[in-house]
Number of protein chains: 2
Amino acid sequence: MASSLVPETRPLHIHHLKAACSNCSVLELCLPIGLSGPEVERLDTLIVQRFKVKKGTALYRTGDPLLSLYAVRIGSFKTSMLSVDGREQVTGFHIPGEMLGLDAISGDEHACNAFALEDSEVCPIHFAQLEKLAQSLPSLQHNLNRLLSREIVRDHSMLMLMGNMNSDERLAAFLLNLSQRLSIRGYSPRDFVLKMRREEIGSYLGLRLETICRGIAHLRDQGLVEIAGREVKILDMEGLKQLVAGCQRPQH
Amino acid sequence: MASSLVPETRPLHIHHLKAACSNCSVLELCLPIGLSGPEVERLDTLIVQRFKVKKGTALYRTGDPLLSLYAVRIGSFKTSMLSVDGREQVTGFHIPGEMLGLDAISGDEHACNAFALEDSEVCPIHFAQLEKLAQSLPSLQHNLNRLLSREIVRDHSMLMLMGNMNSDERLAAFLLNLSQRLSIRGYSPRDFVLKMRREEIGSYLGLRLETICRGIAHLRDQGLVEIAGREVKILDMEGLKQLVAGCQRPQH
DNA sequence: CCCCCCTGTTGATTTACATCAACCACACGT
DNA sequence: ACGTGTGGTTGATGTAAATCAACAGGGGGG
(Lines give C-alpha, C1' and ligand atoms only; values in the text may rest on other atoms or scores of the structure.)
Protein backbone atom coordinates (compact mmCIF):
# COMPACT_ATOMS: atom_id res chain seq x y z
CA MET A 1 0.00 0.00 0.00
CA ALA A 2 1.12 3.51 -0.70
CA SER A 3 2.01 5.83 2.13
CA SER A 4 -0.87 7.89 3.34
CA LEU A 5 0.95 10.94 2.15
CA VAL A 6 0.73 9.36 -1.24
CA PRO A 7 -2.80 7.98 -1.33
CA GLU A 8 -3.36 4.61 -2.88
CA THR A 9 -4.00 4.84 -6.57
CA ARG A 10 -7.36 3.70 -7.78
CA PRO A 11 -8.39 3.23 -11.39
CA LEU A 12 -10.14 6.57 -11.66
CA HIS A 13 -9.26 9.04 -14.36
CA ILE A 14 -10.52 12.26 -15.74
CA HIS A 15 -13.18 10.73 -17.94
CA HIS A 16 -14.89 9.48 -14.81
CA LEU A 17 -15.14 13.01 -13.53
CA LYS A 18 -16.07 14.44 -16.88
CA ALA A 19 -18.91 11.97 -17.06
CA ALA A 20 -20.12 12.97 -13.64
CA CYS A 21 -23.42 14.46 -14.58
CA SER A 22 -25.55 12.23 -12.38
CA ASN A 23 -25.46 12.18 -8.62
CA CYS A 24 -24.48 8.58 -8.63
CA SER A 25 -21.18 8.83 -10.41
CA VAL A 26 -19.88 10.95 -7.57
CA LEU A 27 -21.12 8.36 -5.14
CA GLU A 28 -19.29 5.69 -7.10
CA LEU A 29 -16.18 7.80 -6.82
CA CYS A 30 -16.48 7.70 -3.03
CA LEU A 31 -17.95 4.25 -2.69
CA PRO A 32 -16.66 2.45 -5.77
CA ILE A 33 -18.61 -0.74 -5.46
CA GLY A 34 -19.24 -1.81 -8.99
CA LEU A 35 -22.99 -1.88 -8.84
CA SER A 36 -25.20 -2.29 -11.84
CA GLY A 37 -28.72 -1.61 -13.04
CA PRO A 38 -31.34 -1.63 -10.33
CA GLU A 39 -28.77 -1.41 -7.55
CA VAL A 40 -27.55 1.90 -8.89
CA GLU A 41 -31.09 3.17 -8.81
CA ARG A 42 -31.43 2.17 -5.17
CA LEU A 43 -28.20 3.99 -4.39
CA ASP A 44 -29.62 7.02 -6.14
CA THR A 45 -32.51 7.15 -3.70
CA LEU A 46 -30.05 7.96 -0.92
CA ILE A 47 -29.30 11.35 -2.32
CA VAL A 48 -31.79 13.88 -1.16
CA GLN A 49 -30.74 16.73 -3.39
CA ARG A 50 -27.29 17.88 -4.24
CA PHE A 51 -26.65 21.49 -3.32
CA LYS A 52 -24.21 24.36 -3.38
CA VAL A 53 -22.16 25.73 -0.49
CA LYS A 54 -20.82 29.26 -0.85
CA LYS A 55 -17.17 30.04 -0.15
CA GLY A 56 -16.52 30.57 3.54
CA THR A 57 -19.80 29.10 4.78
CA ALA A 58 -20.19 25.99 6.89
CA LEU A 59 -21.47 22.73 5.47
CA TYR A 60 -21.90 21.57 9.05
CA ARG A 61 -20.58 22.49 12.49
CA THR A 62 -19.44 20.65 15.59
CA GLY A 63 -22.46 19.31 17.41
CA ASP A 64 -24.83 19.31 14.44
CA PRO A 65 -26.80 16.07 14.37
CA LEU A 66 -25.61 13.55 11.80
CA LEU A 67 -28.14 13.50 9.00
CA SER A 68 -25.97 12.93 5.98
CA LEU A 69 -22.46 12.21 4.88
CA TYR A 70 -21.36 14.42 2.02
CA ALA A 71 -19.54 13.61 -1.20
CA VAL A 72 -17.72 16.63 -2.60
CA ARG A 73 -18.78 17.15 -6.22
CA ILE A 74 -17.22 20.50 -7.02
CA GLY A 75 -14.91 22.79 -5.05
CA SER A 76 -13.08 22.07 -1.83
CA PHE A 77 -13.51 22.06 1.94
CA LYS A 78 -11.50 22.22 5.11
CA THR A 79 -12.51 20.37 8.27
CA SER A 80 -11.40 21.79 11.60
CA MET A 81 -11.84 21.54 15.34
CA LEU A 82 -12.00 24.55 17.63
CA SER A 83 -10.50 24.42 21.11
CA VAL A 84 -12.13 26.04 24.14
CA ASP A 85 -9.74 28.99 23.97
CA GLY A 86 -10.42 29.50 20.30
CA ARG A 87 -7.47 27.90 18.54
CA GLU A 88 -8.32 26.17 15.29
CA GLN A 89 -6.89 22.80 14.31
CA VAL A 90 -7.44 21.97 10.66
CA THR A 91 -7.89 18.20 10.40
CA GLY A 92 -8.20 17.85 6.66
CA PHE A 93 -8.76 19.28 3.20
CA HIS A 94 -11.25 17.68 0.85
CA ILE A 95 -11.40 17.82 -2.94
CA PRO A 96 -13.97 16.46 -5.40
CA GLY A 97 -14.60 12.76 -5.05
CA GLU A 98 -13.79 12.72 -1.34
CA MET A 99 -16.18 12.11 1.54
CA LEU A 100 -17.01 14.39 4.46
CA GLY A 101 -18.58 13.66 7.81
CA LEU A 102 -17.25 10.22 8.71
CA ASP A 103 -16.34 11.34 12.22
CA ALA A 104 -19.99 12.01 13.00
CA ILE A 105 -20.98 8.34 12.92
CA SER A 106 -19.36 7.75 16.29
CA GLY A 107 -21.65 10.02 18.29
CA ASP A 108 -24.52 10.79 15.91
CA GLU A 109 -23.29 14.37 15.75
CA HIS A 110 -20.55 16.08 13.82
CA ALA A 111 -17.25 16.23 15.70
CA CYS A 112 -15.73 18.97 13.56
CA ASN A 113 -16.61 21.91 11.35
CA ALA A 114 -16.59 21.78 7.55
CA PHE A 115 -16.13 25.02 5.62
CA ALA A 116 -16.13 25.58 1.89
CA LEU A 117 -12.81 27.00 0.68
CA GLU A 118 -14.48 28.12 -2.54
CA ASP A 119 -17.96 27.99 -4.04
CA SER A 120 -18.64 24.27 -3.93
CA GLU A 121 -21.24 21.60 -4.44
CA VAL A 122 -21.91 18.43 -2.47
CA CYS A 123 -24.07 15.32 -2.63
CA PRO A 124 -25.62 14.63 0.75
CA ILE A 125 -25.99 10.92 1.48
CA HIS A 126 -28.65 10.24 4.06
CA PHE A 127 -26.76 8.16 6.59
CA ALA A 128 -29.57 6.14 8.14
CA GLN A 129 -30.71 5.14 4.67
CA LEU A 130 -27.15 4.36 3.64
CA GLU A 131 -26.78 1.98 6.56
CA LYS A 132 -30.11 0.41 5.71
CA LEU A 133 -29.20 -0.05 2.07
CA ALA A 134 -25.78 -1.40 3.02
CA GLN A 135 -27.52 -4.23 4.84
CA SER A 136 -28.73 -5.64 1.58
CA LEU A 137 -25.66 -4.69 -0.45
CA PRO A 138 -22.64 -6.35 1.16
CA SER A 139 -20.18 -4.70 -1.20
CA LEU A 140 -21.54 -1.28 -0.24
CA GLN A 141 -21.07 -2.10 3.42
CA HIS A 142 -17.58 -3.38 2.79
CA ASN A 143 -16.69 -0.19 1.00
CA LEU A 144 -18.03 1.94 3.81
CA ASN A 145 -15.85 -0.03 6.21
CA ARG A 146 -12.85 0.51 3.97
CA LEU A 147 -13.59 4.21 3.66
CA LEU A 148 -13.66 4.59 7.44
CA SER A 149 -10.52 2.53 7.85
CA ARG A 150 -8.69 4.51 5.17
CA GLU A 151 -9.39 7.67 7.12
CA ILE A 152 -7.79 6.07 10.18
CA VAL A 153 -4.69 5.14 8.19
CA ARG A 154 -4.50 8.65 6.80
CA ASP A 155 -4.74 10.14 10.28
CA HIS A 156 -2.00 7.84 11.56
CA SER A 157 0.30 9.09 8.83
CA MET A 158 -0.52 12.64 9.84
CA LEU A 159 0.50 11.74 13.38
CA MET A 160 3.77 10.41 11.99
CA LEU A 161 4.26 13.66 10.10
CA MET A 162 3.56 15.72 13.22
CA GLY A 163 5.81 13.57 15.36
CA ASN A 164 8.83 13.06 13.13
CA MET A 165 9.12 15.59 10.31
CA ASN A 166 10.63 19.07 10.29
CA SER A 167 8.85 22.00 8.71
CA ASP A 168 10.22 21.67 5.18
CA GLU A 169 9.51 17.95 5.10
CA ARG A 170 5.95 18.52 6.25
CA LEU A 171 5.36 21.08 3.56
CA ALA A 172 6.83 18.83 0.87
CA ALA A 173 4.69 15.94 2.10
CA PHE A 174 1.62 18.16 2.00
CA LEU A 175 2.27 19.28 -1.57
CA LEU A 176 2.99 15.73 -2.75
CA ASN A 177 -0.15 14.42 -1.10
CA LEU A 178 -2.31 17.09 -2.67
CA SER A 179 -0.65 16.58 -6.04
CA GLN A 180 -1.32 12.86 -5.93
CA ARG A 181 -4.94 13.24 -4.89
CA LEU A 182 -5.56 15.79 -7.63
CA SER A 183 -3.88 13.48 -10.11
CA ILE A 184 -6.15 10.58 -9.14
CA ARG A 185 -9.12 12.84 -9.80
CA GLY A 186 -7.82 13.68 -13.23
CA TYR A 187 -6.24 17.06 -12.56
CA SER A 188 -2.62 17.96 -13.26
CA PRO A 189 -0.26 16.75 -10.55
CA ARG A 190 2.28 19.48 -11.43
CA ASP A 191 0.16 22.61 -11.69
CA PHE A 192 -2.58 23.40 -9.26
CA VAL A 193 -4.01 26.11 -7.06
CA LEU A 194 -4.04 26.09 -3.27
CA LYS A 195 -7.55 26.94 -2.19
CA MET A 196 -6.55 27.51 1.44
CA ARG A 197 -4.58 30.25 3.18
CA ARG A 198 -1.06 29.79 4.56
CA GLU A 199 -2.48 29.89 8.04
CA GLU A 200 -4.73 26.91 7.29
CA ILE A 201 -1.88 24.91 5.81
CA GLY A 202 0.10 25.76 8.93
CA SER A 203 -2.64 24.61 11.27
CA TYR A 204 -2.99 21.38 9.32
CA LEU A 205 0.77 20.71 9.53
CA GLY A 206 1.22 21.89 13.12
CA LEU A 207 3.18 25.00 12.10
CA ARG A 208 2.73 28.79 12.04
CA LEU A 209 1.90 30.59 8.84
CA GLU A 210 5.29 32.32 8.75
CA THR A 211 6.98 28.93 8.85
CA ILE A 212 4.93 27.87 5.82
CA CYS A 213 6.11 30.96 3.94
CA ARG A 214 9.72 30.20 4.78
CA GLY A 215 9.30 26.56 3.85
CA ILE A 216 7.95 27.63 0.47
CA ALA A 217 10.99 29.87 0.03
CA HIS A 218 13.31 26.96 0.90
CA LEU A 219 11.67 24.61 -1.61
CA ARG A 220 11.83 27.35 -4.21
CA ASP A 221 15.54 27.99 -3.47
CA GLN A 222 16.24 24.30 -4.03
CA GLY A 223 14.51 24.48 -7.39
CA LEU A 224 11.87 21.96 -6.38
CA VAL A 225 8.79 24.13 -6.88
CA GLU A 226 7.60 27.46 -8.17
CA ILE A 227 4.96 28.96 -5.91
CA ALA A 228 3.50 32.40 -6.53
CA GLY A 229 0.69 33.20 -4.14
CA ARG A 230 -1.56 30.20 -4.40
CA GLU A 231 -0.40 29.02 -7.80
CA VAL A 232 1.80 25.93 -7.46
CA LYS A 233 4.05 24.46 -10.12
CA ILE A 234 6.05 21.39 -9.15
CA LEU A 235 9.38 21.43 -10.98
CA ASP A 236 11.11 18.41 -9.46
CA MET A 237 8.68 15.75 -8.27
CA GLU A 238 11.47 13.27 -7.57
CA GLY A 239 13.40 15.82 -5.53
CA LEU A 240 10.33 16.48 -3.41
CA LYS A 241 9.80 12.76 -2.88
CA GLN A 242 13.41 12.30 -1.81
CA LEU A 243 12.99 15.05 0.73
CA VAL A 244 10.29 13.08 2.54
CA ALA A 245 11.45 9.57 1.62
CA GLY A 246 13.25 8.79 4.84
CA CYS A 247 10.52 9.86 7.23
CA GLN A 248 7.63 8.03 5.66
CA ARG A 249 6.23 4.59 6.06
CA PRO A 250 7.90 2.05 3.76
CA GLN A 251 5.95 1.62 0.54
CA HIS A 252 4.24 -1.77 0.38
CA MET B 1 -19.77 14.33 23.39
CA ALA B 2 -16.69 14.20 25.57
CA SER B 3 -13.32 15.27 24.25
CA SER B 4 -11.31 12.47 22.78
CA LEU B 5 -8.76 13.02 25.48
CA VAL B 6 -11.54 12.16 27.82
CA PRO B 7 -13.26 9.26 26.10
CA GLU B 8 -17.01 9.14 26.14
CA THR B 9 -18.31 7.38 29.18
CA ARG B 10 -20.24 4.20 28.57
CA PRO B 11 -22.18 2.26 31.21
CA LEU B 12 -19.46 -0.30 31.78
CA HIS B 13 -18.08 -0.98 35.22
CA ILE B 14 -15.82 -3.41 36.92
CA HIS B 15 -18.40 -6.12 37.39
CA HIS B 16 -18.59 -6.42 33.63
CA LEU B 17 -14.90 -7.17 33.49
CA LYS B 18 -14.98 -9.41 36.50
CA ALA B 19 -17.68 -11.43 34.83
CA ALA B 20 -15.63 -11.72 31.66
CA CYS B 21 -15.03 -15.42 31.69
CA SER B 22 -16.48 -16.12 28.27
CA ASN B 23 -15.07 -14.85 25.01
CA CYS B 24 -18.24 -13.06 24.27
CA SER B 25 -18.31 -10.64 27.15
CA VAL B 26 -15.09 -9.11 25.84
CA LEU B 27 -16.68 -8.82 22.45
CA GLU B 28 -19.65 -7.10 23.98
CA LEU B 29 -17.25 -4.68 25.62
CA CYS B 30 -15.90 -3.76 22.21
CA LEU B 31 -19.11 -4.08 20.25
CA PRO B 32 -21.77 -3.42 22.84
CA ILE B 33 -24.79 -4.32 20.83
CA GLY B 34 -27.19 -5.75 23.35
CA LEU B 35 -27.68 -9.12 21.72
CA SER B 36 -29.46 -11.97 23.34
CA GLY B 37 -29.75 -15.75 23.22
CA PRO B 38 -29.04 -17.28 19.82
CA GLU B 39 -27.46 -14.09 18.48
CA VAL B 40 -24.82 -14.25 21.18
CA GLU B 41 -24.05 -17.78 20.15
CA ARG B 42 -23.59 -16.69 16.55
CA LEU B 43 -21.24 -13.95 17.70
CA ASP B 44 -19.31 -16.57 19.62
CA THR B 45 -18.61 -18.47 16.44
CA LEU B 46 -16.49 -15.56 15.23
CA ILE B 47 -13.84 -16.19 17.80
CA VAL B 48 -11.42 -18.78 16.64
CA GLN B 49 -9.52 -19.25 19.87
CA ARG B 50 -8.39 -16.63 22.29
CA PHE B 51 -4.65 -16.70 22.90
CA LYS B 52 -1.76 -15.20 24.83
CA VAL B 53 0.87 -12.77 23.54
CA LYS B 54 4.09 -12.58 25.49
CA LYS B 55 5.54 -9.21 26.55
CA GLY B 56 7.55 -7.59 23.78
CA THR B 57 6.28 -9.82 20.99
CA ALA B 58 4.23 -8.71 18.00
CA LEU B 59 0.53 -9.50 17.70
CA TYR B 60 0.83 -8.46 14.07
CA ARG B 61 3.15 -6.41 11.91
CA THR B 62 2.82 -3.92 9.08
CA GLY B 63 1.94 -5.76 5.90
CA ASP B 64 0.51 -8.86 7.56
CA PRO B 65 -2.71 -9.85 5.81
CA LEU B 66 -5.88 -8.94 7.69
CA LEU B 67 -7.32 -12.12 9.12
CA SER B 68 -8.75 -10.93 12.40
CA LEU B 69 -9.42 -7.89 14.48
CA TYR B 70 -8.37 -8.35 18.08
CA ALA B 71 -10.14 -7.49 21.32
CA VAL B 72 -7.71 -7.04 24.19
CA ARG B 73 -8.79 -9.30 27.07
CA ILE B 74 -5.85 -8.98 29.44
CA GLY B 75 -2.71 -6.84 29.36
CA SER B 76 -1.88 -3.96 27.04
CA PHE B 77 -0.48 -3.17 23.62
CA LYS B 78 1.13 -0.37 21.71
CA THR B 79 0.57 0.17 18.00
CA SER B 80 3.29 1.86 16.00
CA MET B 81 4.47 2.72 12.51
CA LEU B 82 8.10 2.52 11.42
CA SER B 83 9.51 5.03 8.94
CA VAL B 84 11.95 4.09 6.21
CA ASP B 85 14.87 5.47 8.20
CA GLY B 86 13.86 3.55 11.30
CA ARG B 87 12.05 6.10 13.45
CA GLU B 88 9.11 4.74 15.38
CA GLN B 89 5.83 6.59 15.73
CA VAL B 90 3.58 5.15 18.41
CA THR B 91 -0.01 5.63 17.25
CA GLY B 92 -1.83 4.25 20.26
CA PHE B 93 -1.94 2.29 23.49
CA HIS B 94 -4.63 -0.32 24.06
CA ILE B 95 -5.99 -1.68 27.30
CA PRO B 96 -8.51 -4.46 28.02
CA GLY B 97 -11.83 -3.98 26.28
CA GLU B 98 -10.32 -2.05 23.37
CA MET B 99 -10.04 -3.18 19.77
CA LEU B 100 -6.93 -3.60 17.65
CA GLY B 101 -6.48 -3.81 13.91
CA LEU B 102 -9.10 -1.41 12.55
CA ASP B 103 -6.60 0.24 10.22
CA ALA B 104 -6.14 -3.02 8.34
CA ILE B 105 -9.63 -3.00 6.86
CA SER B 106 -8.67 -0.30 4.39
CA GLY B 107 -6.09 -2.35 2.50
CA ASP B 108 -6.67 -5.91 3.67
CA GLU B 109 -3.33 -5.77 5.44
CA HIS B 110 -2.18 -4.31 8.72
CA ALA B 111 -0.90 -0.75 8.42
CA CYS B 112 0.96 -0.73 11.73
CA ASN B 113 2.68 -3.00 14.25
CA ALA B 114 1.07 -4.14 17.48
CA PHE B 115 3.33 -5.16 20.36
CA ALA B 116 2.37 -6.47 23.77
CA LEU B 117 3.60 -4.18 26.55
CA GLU B 118 3.17 -7.02 29.05
CA ASP B 119 2.05 -10.63 28.97
CA SER B 120 -1.38 -10.26 27.41
CA GLU B 121 -4.34 -12.11 26.00
CA VAL B 122 -6.54 -11.30 23.02
CA CYS B 123 -9.70 -12.53 21.34
CA PRO B 124 -9.20 -12.71 17.58
CA ILE B 125 -12.35 -11.86 15.64
CA HIS B 126 -12.28 -13.30 12.15
CA PHE B 127 -12.99 -10.24 10.04
CA ALA B 128 -14.57 -11.81 6.97
CA GLN B 129 -16.97 -13.68 9.23
CA LEU B 130 -17.64 -10.55 11.26
CA GLU B 131 -18.64 -8.69 8.09
CA LYS B 132 -20.81 -11.60 7.04
CA LEU B 133 -22.52 -11.79 10.40
CA ALA B 134 -22.98 -8.03 10.49
CA GLN B 135 -25.07 -8.32 7.34
CA SER B 136 -27.76 -10.10 9.25
CA LEU B 137 -27.31 -8.18 12.50
CA PRO B 138 -27.84 -4.48 11.75
CA SER B 139 -26.95 -3.41 15.27
CA LEU B 140 -23.62 -5.22 14.98
CA GLN B 141 -22.90 -3.42 11.74
CA HIS B 142 -23.89 -0.11 13.24
CA ASN B 143 -21.55 -0.67 16.15
CA LEU B 144 -18.68 -1.55 13.86
CA ASN B 145 -19.28 1.71 12.01
CA ARG B 146 -19.28 3.59 15.29
CA LEU B 147 -16.11 1.87 16.44
CA LEU B 148 -14.32 2.91 13.26
CA SER B 149 -15.65 6.43 13.48
CA ARG B 150 -14.67 6.75 17.14
CA GLU B 151 -11.10 5.91 16.19
CA ILE B 152 -11.18 8.73 13.65
CA VAL B 153 -12.44 11.19 16.28
CA ARG B 154 -9.74 10.02 18.67
CA ASP B 155 -7.05 10.53 16.03
CA HIS B 156 -8.33 14.02 15.26
CA SER B 157 -7.96 14.94 18.91
CA MET B 158 -4.42 13.59 18.84
CA LEU B 159 -3.76 15.88 15.89
CA MET B 160 -5.12 18.77 17.94
CA LEU B 161 -2.81 17.80 20.78
CA MET B 162 0.20 17.60 18.47
CA GLY B 163 -0.68 20.88 16.80
CA ASN B 164 -1.63 23.06 19.73
CA MET B 165 -0.37 21.79 23.08
CA ASN B 166 2.98 22.28 24.78
CA SER B 167 4.83 19.39 26.39
CA ASP B 168 3.33 19.64 29.87
CA GLU B 169 -0.18 19.93 28.48
CA ARG B 170 0.35 16.88 26.30
CA LEU B 171 1.56 14.85 29.23
CA ALA B 172 -1.35 15.93 31.40
CA ALA B 173 -3.78 15.10 28.60
CA PHE B 174 -2.17 11.70 28.19
CA LEU B 175 -2.46 10.89 31.89
CA LEU B 176 -6.06 12.09 32.05
CA ASN B 177 -7.00 10.07 28.99
CA LEU B 178 -5.45 6.91 30.37
CA SER B 179 -7.02 7.52 33.76
CA GLN B 180 -10.45 7.87 32.22
CA ARG B 181 -10.15 4.79 30.04
CA LEU B 182 -8.97 2.72 32.98
CA SER B 183 -11.83 4.08 35.03
CA ILE B 184 -14.38 3.04 32.40
CA ARG B 185 -12.94 -0.47 32.54
CA GLY B 186 -13.34 -0.56 36.28
CA TYR B 187 -9.81 0.23 37.39
CA SER B 188 -8.82 3.08 39.68
CA PRO B 189 -8.59 6.42 37.88
CA ARG B 190 -6.14 7.76 40.49
CA ASP B 191 -3.64 4.93 40.89
CA PHE B 192 -2.30 2.98 37.98
CA VAL B 193 0.85 1.65 36.38
CA LEU B 194 2.30 2.83 33.10
CA LYS B 195 3.08 -0.26 31.08
CA MET B 196 5.12 1.63 28.52
CA ARG B 197 8.55 3.26 28.63
CA ARG B 198 9.11 7.03 28.68
CA GLU B 199 10.39 6.80 25.14
CA GLU B 200 7.11 5.27 23.96
CA ILE B 201 5.06 7.94 25.71
CA GLY B 202 7.31 10.50 24.04
CA SER B 203 6.84 9.03 20.60
CA TYR B 204 3.07 8.94 21.11
CA LEU B 205 3.02 12.61 22.17
CA GLY B 206 5.56 13.83 19.62
CA LEU B 207 8.22 14.52 22.26
CA ARG B 208 11.60 13.11 23.35
CA LEU B 209 11.87 10.88 26.37
CA GLU B 210 13.83 13.50 28.33
CA THR B 211 10.99 15.94 27.80
CA ILE B 212 8.58 13.40 29.28
CA CYS B 213 10.79 13.11 32.36
CA ARG B 214 10.89 16.86 32.78
CA GLY B 215 7.16 17.10 32.24
CA ILE B 216 6.64 14.56 35.00
CA ALA B 217 8.89 16.63 37.25
CA HIS B 218 6.86 19.76 36.47
CA LEU B 219 3.53 18.09 37.25
CA ARG B 220 5.04 16.72 40.44
CA ASP B 221 6.38 20.18 41.44
CA GLN B 222 2.87 21.58 41.01
CA GLY B 223 1.52 18.91 43.33
CA LEU B 224 -0.72 17.46 40.62
CA VAL B 225 0.69 13.92 40.55
CA GLU B 226 3.07 11.59 42.28
CA ILE B 227 4.99 9.49 39.78
CA ALA B 228 7.71 7.06 40.85
CA GLY B 229 9.03 5.04 37.97
CA ARG B 230 5.90 3.67 36.36
CA GLU B 231 3.63 3.99 39.37
CA VAL B 232 1.23 6.89 38.93
CA LYS B 233 -0.86 8.50 41.64
CA ILE B 234 -3.03 11.41 40.57
CA LEU B 235 -3.30 13.88 43.47
CA ASP B 236 -5.26 16.72 41.86
CA MET B 237 -7.50 15.55 39.04
CA GLU B 238 -9.15 18.96 38.72
CA GLY B 239 -5.80 20.70 38.51
CA LEU B 240 -4.74 18.39 35.70
CA LYS B 241 -7.99 19.04 33.86
CA GLN B 242 -7.55 22.79 34.21
CA LEU B 243 -4.10 22.49 32.70
CA VAL B 244 -5.52 21.10 29.47
CA ALA B 245 -8.94 22.75 29.60
CA GLY B 246 -8.18 25.62 27.26
CA CYS B 247 -6.63 23.60 24.48
CA GLN B 248 -9.27 20.93 24.14
CA ARG B 249 -12.43 20.64 22.16
CA PRO B 250 -15.42 22.05 24.01
CA GLN B 251 -17.29 19.36 25.92
CA HIS B 252 -20.63 18.58 24.29
C1' DC C 1 -10.61 56.34 -7.54
C1' DC C 2 -8.81 55.68 -3.26
C1' DC C 3 -8.58 53.47 1.00
C1' DC C 4 -8.53 49.70 3.89
C1' DC C 5 -8.38 45.12 5.07
C1' DC C 6 -6.73 40.68 4.22
C1' DT C 7 -3.09 37.76 2.90
C1' DG C 8 1.48 36.88 2.20
C1' DT C 9 6.54 37.77 2.74
C1' DT C 10 10.78 38.60 5.11
C1' DG C 11 13.78 40.03 9.04
C1' DA C 12 15.10 40.12 14.14
C1' DT C 13 14.66 38.04 18.41
C1' DT C 14 13.02 34.69 21.79
C1' DT C 15 11.96 30.25 23.44
C1' DA C 16 10.57 25.56 24.04
C1' DC C 17 12.20 21.52 23.09
C1' DA C 18 15.98 18.54 21.22
C1' DT C 19 20.40 17.07 21.79
C1' DC C 20 24.40 15.71 24.24
C1' DA C 21 26.13 14.03 28.37
C1' DA C 22 26.70 12.25 32.99
C1' DC C 23 24.87 9.58 36.33
C1' DC C 24 21.71 6.47 39.17
C1' DA C 25 18.71 2.48 40.20
C1' DC C 26 17.50 -1.82 39.26
C1' DA C 27 17.12 -6.39 37.29
C1' DC C 28 19.36 -10.21 35.52
C1' DG C 29 22.72 -13.47 34.39
C1' DT C 30 27.12 -15.61 35.64
C1' DA D 1 29.23 -11.06 44.86
C1' DC D 2 30.08 -8.74 40.55
C1' DG D 3 29.54 -6.84 35.87
C1' DT D 4 26.33 -5.43 32.36
C1' DG D 5 22.39 -3.64 30.18
C1' DT D 6 18.14 -1.13 30.24
C1' DG D 7 15.34 2.51 31.76
C1' DG D 8 15.00 6.76 34.08
C1' DT D 9 16.54 11.45 35.83
C1' DT D 10 18.80 15.83 35.59
C1' DG D 11 21.99 19.45 33.81
C1' DA D 12 24.30 22.19 29.99
C1' DT D 13 24.03 23.65 25.45
C1' DG D 14 22.21 24.05 20.66
C1' DT D 15 18.65 24.95 17.37
C1' DA D 16 14.32 24.91 14.76
C1' DA D 17 10.40 27.10 14.90
C1' DA D 18 7.50 30.61 17.35
C1' DT D 19 6.89 35.20 18.12
C1' DC D 20 7.12 40.01 17.20
C1' DA D 21 7.35 43.34 13.76
C1' DA D 22 7.39 45.87 9.46
C1' DC D 23 5.91 46.10 4.96
C1' DA D 24 4.00 44.90 0.20
C1' DG D 25 0.40 43.58 -3.10
C1' DG D 26 -4.25 43.06 -4.41
C1' DG D 27 -9.13 43.10 -4.25
C1' DG D 28 -13.48 44.91 -2.75
C1' DG D 29 -16.41 48.52 -1.11
C1' DG D 30 -17.54 53.15 -0.35
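Throughout, protein chains are lettered first and strands after them, A, B, ... in sequence-line order, and every chain is numbered starting at 1.
In this structure, the NZ atom of B:Lys55 is 9 Å from the P atom of C:dC28, given to the nearest Å. Whole-Å rounding puts the A:Arg214 CZ to C:dT13 C1' distance at 11 Å. We find that CD1 of A:Ile216 is positioned 12 Å from C1' of C:dT7, with the value rounded to whole Å. Taking atom CG of residue B:Asp168 and atom C1' of nucleotide C:dC17, one finds them 11 Å apart after rounding to whole Å. In this structure, the CG atom of A:Leu205 is 12 Å from the P atom of D:dA17, given to the nearest Å. Distance CZ (A:Arg87) to C1' (D:dA18): 13 Å, rounded to an integer number of Å. Between B:Leu171 atom CG and C:dA16 atom P the separation is 17 Å, expressed in whole Å. A straight line from CD of B:Glu210 to P of D:dT10 spans 12 Å, rounded to a whole angstrom.
Residue contacts shown for A:Leu209 include a base, since a base heavy atom lies under 4.0 Å away. Among the protein residues, A:Gly215 comes within range of no part of the nucleic acid, since none of its heavy atoms lies under 4.0 Å from any strand. Looking at heavy-atom distances under 4.0 Å, A:Arg230 makes contact with sugar-phosphate atoms alone, never a base.
Taking the six-membered ring where tryptophan is involved, the planes of B:Phe51 and B:Tyr70 are perpendicular, since the angle between them exceeds 60° and thus also 30°.
In summary, the aromatic rings of B:Tyr204 and B:Phe93 are positioned with their centroids under 6.0 Å apart.
Between A:Ser167 and D:dA17 there is a side-chain N or O to OP1 or OP2 distance below 4.0 Å. Look at A:Arg208 and you won't find any side-chain N or O under 4.0 angstrom from OP1 or OP2 of D:dA17.
The side chain of B:Thr211 approaches C:dA18 more closely than any other nucleotide in the set D:dT9, C:dA18, C:dC17. Checking C:dG8, D:dT9, C:dA18 against the side-chain heavy atoms of B:Arg198 singles out D:dT9 as nearest.
Looking at B:Glu226 and B:Lys233, no side-chain N of the basic residue comes within less than 4.0 Å of a carboxylate O on the acidic one, giving no salt bridge. The pair B:Lys55-B:Asp119 fails the salt-bridge criterion, with no side-chain N (NZ, NE, NH1 or NH2) lying under 4.0 Å from an Asp/Glu carboxylate O. At a threshold of 4.0 Å, the pair B:Arg208-B:Glu199 does not count as salt-bridged, since none of the basic side-chain nitrogens sits closer than that to a carboxylate oxygen.
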